[in-house]
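Take a look at the structure below.
Worth knowing before you read on, the calculation uses all heavy atoms, side chains too, and leaves out hydrogens, waters and symmetry mates.
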Amino acid sequence: MGPQAEPRPGESGRGALALSGAAAVTAAAAVAGLLANANHFQSAEMATKVPQAAQETETETEEEGDILERCRGFMASPVTDVRVLQERKDEMSTRMEMLIMETQADFCKALEKVDGGKFKVDQWQRKEGGGGISCVMQDGKVFEKAGVNVSVVFGHLTEEAAKQMRSRGKVLKGKDGKLPFCAMGVSSVIHPKNPHIPTVHFNYRYFEIEGGRCKQWWFGGGTDLTPVYVNKEDAFHFHNTLKEACDEHHPQYYPDFKKWRGVFQFVKSCARTVVPCYLPIVYKHLNDTFTDEEKDWQQVRRGRYVEFNLVYDRGVKFGLATPGSRIESILMSLPLTARWEYMHEPAKGTLEAEMLDVLRNPKEWV
């Protein structure tokens, strides 16, 4: 999403943020998925300019409700002390932390309802500053592995991180050579047992730098679906739900935001689609039968998913290289099981071949 600054508007540029539940400190992103790469339906990067007309109003802030009351519905206490959040309730960082905690709770509760299992709630602290809440459910009735992470970290940017941001066009001026930062986000990857229920991934993130006399902040995030078999109805439902969230703000946002980005109210609308865009698909395929061959294909596709995460994903690599990162939370995105077959290629005319064709030749689903 676009940067903002005090007292001047921010500048354009791109960053890199990803699946890491621990210490991601740059902002990359996507809104609606199903843009294919060779591995899975991948979400598209969004640009960074903020439309002036999209600024939030005082009424919108008030509608977000009482902080203490909202905290009672979360999976755990927020990373930031509730008293501090109340004192800073109008600050963007507070509003974003409340949103990601709410998104985590809503999604976990919806997944528990369909699965019948319970999430293990794991609170952790980062000695360099901040911490997070990792919620993981393993080997349930419906989901082999479901993870929904929140992280709120702060400190000073490493020189390596600052160089990466400057290389992407960011103008960063610190205090006495230091760049204080705050980064937070919610990220999730869900791996179902049934190959007819797609994997889903989403992340919504916020990054703030305090440099010189001003603050700059960026929003990033998106949602993408990773089916094992093509289902056009599922693809339409998924995209159309996101499109409706975009259309609430502007009819051009959905086509534009597959390429570029917006601001907090837009992030909030998209974050609140994670349940309605995915759970109906889960319920639809809950009792679908599947063969051993279909399960094997799911395992092969998961192998490619793991390959992408560990070899290519910039956010995972960045998170693993960041001081104080929590490996357990970063690798939450990996499935319990996967399969690797050398030079695997499905037979022509099969449903598996159809899936690969869609991956290699992206389609418009809405």
Side-chain angles (χ1 to χ4, degrees), residues 19 30-45 114 142-146 188-202 222-244 254-255 257-259 273-274 276-313 333-366:
L19 302 180
V31 167
L34 292 176
L35 294 180
N37 65 5
N39 305 296
H40 65 298
F41 284 166
Q42 176 76 357
S43 47
E45 280 200 324
V114 67
V142 178
F143 304 109
E144 182 181 289
K145 190 176 184 183
S188 177
V189 178
I190 310 300
H191 294 289
K193 288 186 172 180
N194 193 318
H196 296 293
I197 302 176
T199 289
V200 75
H201 154 252
F202 71 81
T223 309
D224 55 89
L225 200 66
T226 310
V228 177
Y229 290 96
V230 177
N231 186 298
K232 294 178 181 178
E233 290 181 358
D234 293 348
F236 176 82
H237 168 80
F238 177 80
H239 271 277
N240 197 56
T241 304
L242 284 163
K243 182 178 183 299
E244 287 174 352
Y254 175 78
F257 285 5
K258 293 185 83 165
K259 304 185 181 92
T273 67
V274 295
C277 80
Y278 183 58
L279 266 297
I281 296 174
V282 175
Y283 280 107
K284 175 183 173 182
H285 298 289
L286 205 54
N287 298 312
D288 285 7
T289 58
F290 55 89
T291 65
D292 290 341
E293 289 76 17
E294 288 173 327
K295 186 66 179 178
D296 286 344
W297 174 242
Q298 180 194 46
Q299 297 292 91
V300 170
R301 297 315 307 162
R302 283 182 177 174
R304 300 293 283 177
Y305 192 95
V306 172
E307 176 188 328
F308 175 82
N309 273 265
L310 296 181
V311 179
Y312 301 106
D313 189 273
S333 60
L334 302 185
L336 280 182
T337 61
R339 180 184 180 100
W340 286 266
E341 294 187 17
Y342 184 71
M343 298 294 287
H344 183 275
E345 191 73 23
K348 291 183 178 180
T350 61
L351 293 175
E352 291 79 8
E354 179 189 11
M355 182 75 249
L356 282 189
D357 180 64
V358 170
L359 292 172
R360 292 165 178 167
N361 300 285
K363 300 181 184 299
E364 291 292 335
W365 300 97
V366 176

Restricting to side chain to side chain donor-acceptor pair (under 3.5 Å), what partner residues turn up for [X], sequence neighbours left out?
X    : answer
E354 : none
K145 : none
D296 : none

When rounded to the nearest 0.5 angstrom, what distance separates [atom1] in [X] from [atom2] in [Y]?
X    : Y    : atom1 : atom2 : result
L279 : T241 : CG    : OG1   : 11.5 Å
F290 : H285 : CZ    : NE2   : 13.5 Å
W297 : T291 : CH2   : OG1   : 13.0 Å
T350 : E293 : OG1   : CD    : 12.0 Å
E244 : T273 : CD    : OG1   : 10.0 Å
K363 : K232 : NZ    : NZ    : 7.0 Å

For the student: nearest non-hydrogen atoms of [X] and [Y], plus distance:
X    : Y    : value
K284 : N231 : NZ-OD1, 3.6 Å
P227 : P198 : CA-CB, 3.7 Å
G303 : A338 : N-CB, 3.9 Å

### Message
For D357 and N361, which I'm curious about, is there any donor-acceptor pair between the side chains at under 3.5 Å?
### Response
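Yes, a side-chain donor-acceptor pair sits under 3.5 Å.
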
### Message
Is a donor from one side chain sitting under 3.5 angstrom from an acceptor on the other, for R302 and Q299?
### Response
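Their side chains do contain a donor-acceptor pair, which is all the 3.5 Å distance test asks for.
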
#### Entry: Qualifying residues under ring-ring contact (aromatic ring centres under 6.0 Å, His included), relative to H196, sequence neighbours excluded
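For H196 the ring-ring contact (aromatic ring centres under 6.0 Å, His included) partners, ignoring immediate neighbours, are Y229.
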
### Partners meeting side chain to side chain contact (heavy atoms under 4.5 Å, CB included) with P192 (sequence neighbours left out)
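Once residues adjacent in sequence are excluded, the partners of P192 under the side chain to side chain contact (heavy atoms under 4.5 Å, CB included) criterion are F143, I197, T199, Y278.
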
### Task
Output all residues satisfying side chain to side chain contact (heavy atoms under 4.5 Å, CB included) with T289, sequence neighbours left out; order by chain, then residue number.
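Applying side chain to side chain contact (heavy atoms under 4.5 Å, CB included) to T289 gives none.
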
### Query
With E352, which residues qualify under salt bridge (charged side-chain N to carboxylate O under 4.0 Å, His left out), at least two apart?
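For E352, no residue satisfies salt bridge (charged side-chain N to carboxylate O under 4.0 Å, His left out) once neighbours in sequence are set aside.
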
### salt bridge (charged side-chain N to carboxylate O under 4.0 Å, His left out) against K295, all qualifying residues, sequence neighbours excluded
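So K295 forms no salt bridge (charged side-chain N to carboxylate O under 4.0 Å, His left out) with any residue.
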
### Query
Does the side chain to side chain contact (heavy atoms under 4.5 Å, CB included) test come out yes or no for C277 and T223, once each step is laid out?
CA-CA 9 Å; C277 80; T223 309; 4.3 Å; yes

For [X] and [Y], indicate whether the former's side chain and the latter's backbone hold a donor-acceptor pair under 3.5 Å.
X    : Y    : result
E144 : H191 : no
N194 : D288 : yes
H237 : P276 : yes

State, yes or no, whether a side-chain contact exists between [X] and [Y] at a heavy-atom distance under 4.5 Å.
X    : Y    : answer
V200 : S188 : no
V358 : W365 : yes
T226 : H201 : no

### Query
Is the number of heavy atoms from other residues, nucleotides or ligands within 6.0 Å of CD (E233) greater than 12?
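At most 12 heavy atoms, drawn from other residues, nucleotides or ligands, come within 6.0 Å of this atom.
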
### Task
Step by step, work out the side chain to side chain contact (heavy atoms under 4.5 Å, CB included) result for L225 and I281.
CA-CA 11 Å; L225 200 66; I281 296 174; 4.2 Å; yes

### Task
Kindly determine whether L356 and E345 satisfy side chain to side chain contact (heavy atoms under 4.5 Å, CB included), including the steps that lead there.
CA-CA 9 Å; L356 282 189; E345 191 73 23; 4.0 Å; yes

### Task
Could you walk me through whether R304 and E307 pass the side chain to side chain contact (heavy atoms under 4.5 Å, CB included) test, one step at a time?
CA-CA 5 Å; R304 300 293 283 177; E307 176 188 328; 3.0 Å; yes

